[in-house]
Amino acid sequence: MDIASAAASYEHLFWLLMWIGLGCAAVALICSPLLKRMMHGVK
């Protein structure tokens, strides 16, 4: 395997990981008010 094809393969992997991370962050941001409400003042 040459370096160019390996770099292209890893580029795809890092893009995929970035989108997965952004998706998880968006879900956490959306669920945050619901979780706060469910905690009923727990500190």
Side-chain angles (χ1 to χ4, degrees):
M1 182 186 293
D2 64 340
I3 294 175
S5 65
S9 174
Y10 282 118
E11 178 188 8
H12 175 70
L13 174 68
F14 283 116
W15 274 106
L16 180 64
L17 290 173
M18 181 196 73
W19 285 114
I20 290 172
L22 286 174
C24 289
V27 168
L29 190 65
I30 290 169
C31 289
S32 176
L34 177 64
L35 291 172
K36 273 188 178 178
R37 200 172 328 131
M38 290 171 60
M39 288 175 65
H40 300 290
V42 175
K43 291 184 180 183

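With sequence neighbours excluded, the residues that form a side chain to side chain contact (heavy atoms under 4.5 Å, CB included) with L22 are M18, W19.
Between atom OG of residue S32 and atom CZ of residue R37 there is a gap of 10.5 Å, rounded to the nearest 0.5 Å. For the atom pair CD of E11 and CG of L16, the computed distance is 12.5 Å after rounding to the nearest 0.5 Å.
Cluster membership check: L29 does not share its hydrophobic cluster with L34, using side-chain heavy-atom separations under 4.5 Å among Ile, Leu, Val, Met, Phe, Trp and Tyr.
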